[in-house]
Enquirer: 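First, the structure itself, so that you have it in front of you.
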Amino acid sequence: MRELRLGRKIIGTLIKNSAYNPQRIILDFFALVARCGILLFLYKCVYNWKGSNINNTSYQVIAWSIFLYFIVSIMRPRDITDAIAQDVKTGSIEMILNKPIHYLSYRFYTTIGTGLYSFFILAPLGFLAMALTLGIPSTMTTHAFVLTCTIVGFLCIALSLIVHALLGVLAFWMEDITPVYWIVDKFVMVLGGSYLPVAFFPPVMYQMAIWSPFGAMQFITHTVYDSWAAKAWNMIGIQLFWTLLFGLTLLIVFRKAKERISVNGG
Amino acid sequence: MWKELKFAWYAISMNLKNSAELRTSFLMSVVGMALNNIAFIAIWCVFAKVVGNIGGWTVMDVVAMQGITALNFGVVFSLLNGVEKISLYVGSGSFDRFILSPKNLLSRVLVSSLGISAIGDALFGVICLGVYITFVHLSAINFVFMFMGLITSTCLLFAVMLLVQTVSFYVLDPRTATRGLFELFFTPTLFHGGAFQGWMRFVFTFIIPSLLVGALPVEVVKSVSWPQMGLMAVLSLLWLILAVKLFYRGVKRYESANLVTFGS
């Protein structure tokens, strides 16, 4: 209970801090325009040439799928890897370990708190821009969509945080975790449906996206397709499975990692 | 000029030796980055397979585009990695040490850092271009155009990076501003080149010159068009001149932070 109260405090303080420092939101805005905006224009051009349907999917659905990927990315759960790695490299982890909160919870809260402000500003703005320019697909207007999308979105962030925290904890054993981080990041990018929407995936790649944790971190991109209603609870189950498995692994690995800490004082 | 080049080479080799000291980390960074880049090839190859031929671009063209972009990026961000750090130097006040140096200011800044992971990009670029050359059977003239395309596009990438970093002298939070601007420029260079048509092609050639980094060099190699090559060279040169001029103008606005720093 006390940890939760502290967590709320950390998130609240970081949101206030972000509100006074608008640089981050500027960067996120540029990133959203550069990646998502230009990509959507490109797909628009491709659809103009190739017709209104590619692989039985309309531009509207593709665009929303890509948009949801980038909106979840604004929360930046990936940043936790670098934060943990820096704590380990600089030795500042020993100070945080003394706080009345579990180290991993502390890092989860700070990562969420840092990304939440941009998310609260850019997600509604982006949603509005998308709705006004492209309209909302019929698949997104059902009650089931709102419920399942919320659950999937929450699990996407939770799973991403856990997997990326696990990568960060590897810094206890590895000198430089960046290459591992890049490879995982690119697996998520490819199987999550960022530049290439899941509707375009060949069958083998689609199965990989469904059953691998990399795809599960971005299941939110599946929610706008017609087939979602039939698959929703199955996919939520897969996400839950990966979240629990990686959560447990993280706790075990972190326990082992703590044994390696040597406090030098000073 | 010769002295400056000699100094630049000395600084680069010292940086390389310094980085190679941590051998495992060095090798992992290089190999990791090369593997990491495969993702873009995978994405656009599947895209080309599903959507078909767009703007006359085949899967091999995408491989060549990724290769050229990675090689350009690798060269600029490994050997001249200091250009990426200008915003950091200006923001932290550690730019003073470059101004006080008796060497040429720009060359001193450029070779102040070596990007290890970018060596992996360059390696990946060479592999991609090797694959492209093997499968497409280029003629001698195609080779010449590829070489010229690589030089002009590397110049352009460097020029834009320098220009973006020059913004550091004019804004309060240089790191964020330069990262955002560079993202806006560089992200389209990784997209399928054939998909840029009409007004988007115009915008991303003349206003935000992203297509000059990877897509246009590929098209020049294919078409063996001297006017197109000339246009690329002229644009790259103009961006380079503009970037260097604005950099020196920007330096005049720099106010010393009296931060004492040592080292490279």
Side-chain angles (χ1 to χ4, degrees), chain A residues 21-51 54-57 62 174-202 204-206 208 214, chain B residues 22-47 49-55 116-117 120 171-188 190-201 203-204 208 210:
Chain A
N21 294 300
Q23 300 96 331
R24 169 85 182 245
I25 203 163
I26 294 167
L27 182 65
D28 285 334
F29 175 75
F30 268 114
L32 196 65
V33 171
R35 291 179 187 165
C36 186
I38 297 169
L39 198 62
L40 293 186
F41 272 121
L42 276 188
Y43 272 101
K44 181 76 191 155
C45 295
V46 172
Y47 268 84
N48 283 344
W49 296 322
K50 297 284 170 180
I54 300 176
N55 253 16
N56 295 324
T57 316
I62 294 284
M174 292 169 72
E175 217 165 73
D176 188 9
I177 54 155
T178 321
V180 186
Y181 167 79
W182 286 329
I183 292 167
V184 171
D185 187 47
K186 289 300 172 293
F187 266 110
V188 178
M189 197 185 90
V190 174
L191 296 174
S194 59
Y195 293 171
L196 188 75
V198 283
F200 287 9
F201 284 8
V204 177
M205 199 168 153
Y206 187 76
M208 279 169 70
F214 309 113
Chain B
L22 299 167
R23 198 158 296 169
T24 318
S25 171
F26 179 82
L27 288 174
M28 275 184 69
S29 291
V30 172
V31 177
M33 184 48 96
L35 287 174
N36 165 62
N37 287 344
I38 294 172
F40 293 106
I41 299 269
I43 285 176
W44 296 120
C45 285
V46 174
F47 175 84
K49 205 176 164 201
V50 174
V51 177
N53 193 321
I54 298 175
I116 303 301
S117 59
V171 295
L172 280 176
D173 180 21
R175 204 65 184 151
T176 310
T178 52
R179 270 172 64 189
L181 285 172
F182 186 68
E183 182 117 26
L184 193 61
F185 160 75
F186 194 70
T187 307
L190 302 169
F191 293 164
H192 190 295
F196 288 87
Q197 300 293 337
W199 67 269
M200 278 193 80
R201 176 164 279 255
V203 169
F204 286 101
I208 306 171
S210 311

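The shown structure was predicted, so the numbers you read here are calculated from the model rather than taken from an experiment. Numbers restart at 1 for each chain; the letters A, B, ... are given by sequence-line order, proteins then strands.
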Enquirer: Need one label for A:Val180: side chain, backbone, both or neither, based on atoms under 4.5 Å from any heavy atom in chain B.
Expert: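 When you check distances to chain B, only side chain atoms of A:Val180 fall under 4.5 Å.
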
Enquirer: Would you name the heavy atoms of B:Gly32 and A:Ile183 that are closest together and state the gap between them?
Expert: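 Answer, listing the atom of B:Gly32 first, then A:Ile183: O-CG1, 4.3 Å.
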
Enquirer: Is the gap between the ring centers of B:Phe196 and A:Phe41 under 6.0 Å?
Expert: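 Not under 6.0 Å, so no.
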
Enquirer: Testing the basics here: between B:Asn53 and A:Lys50, what is the closest heavy-atom pair and its distance to 0.1 Å?
Expert: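 Closest pair (atom of B:Asn53, atom of A:Lys50, distance): O-NZ, 3.1 Å.
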
Enquirer: Measuring only between side-chain heavy atoms, which start at C-beta, is A:Val46 closer than 4.5 Å to B:His192?
Expert: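 No - every pair of side-chain heavy atoms lies 4.5 Å or more apart.
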
Enquirer: In Å, rounded to the nearest 0.5 Å, how long is the span from CG of B:Asn36 to OG1 of A:Thr178?
Expert: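 If we round to the nearest 0.5 Å, B:Asn36:CG and A:Thr178:OG1 are 11.0 Å apart.
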
Enquirer: Would you check if A:Phe200 and B:Val51 make a side-chain contact, meaning some heavy-atom pair closer than 4.5 Å?
Expert: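 A:Phe200 reaches B:Val51 side chain to side chain.
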
Enquirer: How many angstroms lie between atom CG of A:Leu196 and atom NZ of B:Lys49, to the nearest 0.5 angstrom?
Expert: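 If I round to the nearest 0.5 Å, the distance is 12.0 Å.
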
Enquirer: Salt bridge (Lys or Arg N to Asp or Glu O under 4.0 Å): which pairs involve residues 184-200 of chain A, sequence neighbours left out?
Expert: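 Every pair satisfying salt bridge (Lys or Arg N to Asp or Glu O under 4.0 Å) with a residue in residues 184-200 of chain A: A:Arg78-A:Asp185.
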
Enquirer: Answer whether the closest heavy-atom distance between the side chains of A:Val33 and B:Leu184 falls below 4.5 Å.
Expert: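 With C-beta onward as the side chain, the pair touches.
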
Enquirer: Side chains of B:Met33 and A:Pro179, heavy atoms from C-beta outward: is any pair under 4.5 Å?
Expert: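 Counting from C-beta outward, B:Met33 and A:Pro179 never come under 4.5 Å.
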
Enquirer: Measure the OH-CZ distance between A:Tyr195 and B:Phe47 for me, rounded to the nearest 0.5 Å.
Expert: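 So the OH of A:Tyr195 and the CZ of B:Phe47 are separated by 13.5 Å.
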
Enquirer: Distance from A:Phe29 atom CZ to B:Glu183 atom CD, nearest 0.5 Å?
Expert: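 Atom-to-atom, A:Phe29:CZ and B:Glu183:CD are 13.0 Å apart.
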
Enquirer: I'd like to know whether A:Phe201 forms a side-chain contact (heavy atoms from CB on, under 4.5 Å) with B:Val50, so could you lay out the CA-CA distance, the side-chain angles of the two residues, the decisive distance to 0.1 Å, and finally the verdict.
Expert: CA-CA 8 Å; A:Phe201 284 8; B:Val50 174; over 6 Å; no

Enquirer: What residue in B:Leu35, B:Leu181, B:Leu190, B:Ile54 has the most heavy-atom pairs under 4.5 Å with chain A?
Expert: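 The candidate making the most pairs under 4.5 Å is B:Ile54.
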
Enquirer: On a heavy-atom basis, which atom in A:Met189 and which in B:Ile43 lie closest, and how many Å separate them?
Expert: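 Looking at all heavy atoms of both residues, the closest pair is CE-CD1, 3.4 Å.
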
Enquirer: Using a 4.5 angstrom heavy-atom cutoff, name the option from A:Ile54, A:Asn55, A:Leu39 with the most pairs to chain B.
Expert: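 The candidate making the most pairs under 4.5 Å is A:Leu39.
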
Enquirer: Of the backbone (N, CA, C, O) and the side chain (C-beta and beyond), which part of B:Phe186 lies under 4.5 Å from a heavy atom of chain A, both, or neither?
Expert: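 No part of it gets close to chain A.
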
Enquirer: So do A:Met205 and B:Val46 actually touch side chain to side chain, heavy atoms under 4.5 Å?
Expert: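 Result yes, sub-4.5 Å side-chain heavy-atom pair found.
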
Enquirer: Under 4.5 Å from any heavy atom of chain A, what part of B:Phe204 do you find: side chain, backbone, both or neither?
Expert: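 Contact with chain A involves the side chain of B:Phe204 alone.
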
Enquirer: Could you check whether atom CZ of A:Phe187 has more than 12 heavy atoms from other residues, nucleotides or ligands sitting under 6.0 Å from it?
Expert: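 12 or below, so no.
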
Enquirer: What pair of heavy atoms forms the shortest contact from A:Trp49 to B:Gly194, and how long is it?
Expert: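 Minimum heavy-atom contact is CH2-O, 3.7 Å.
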
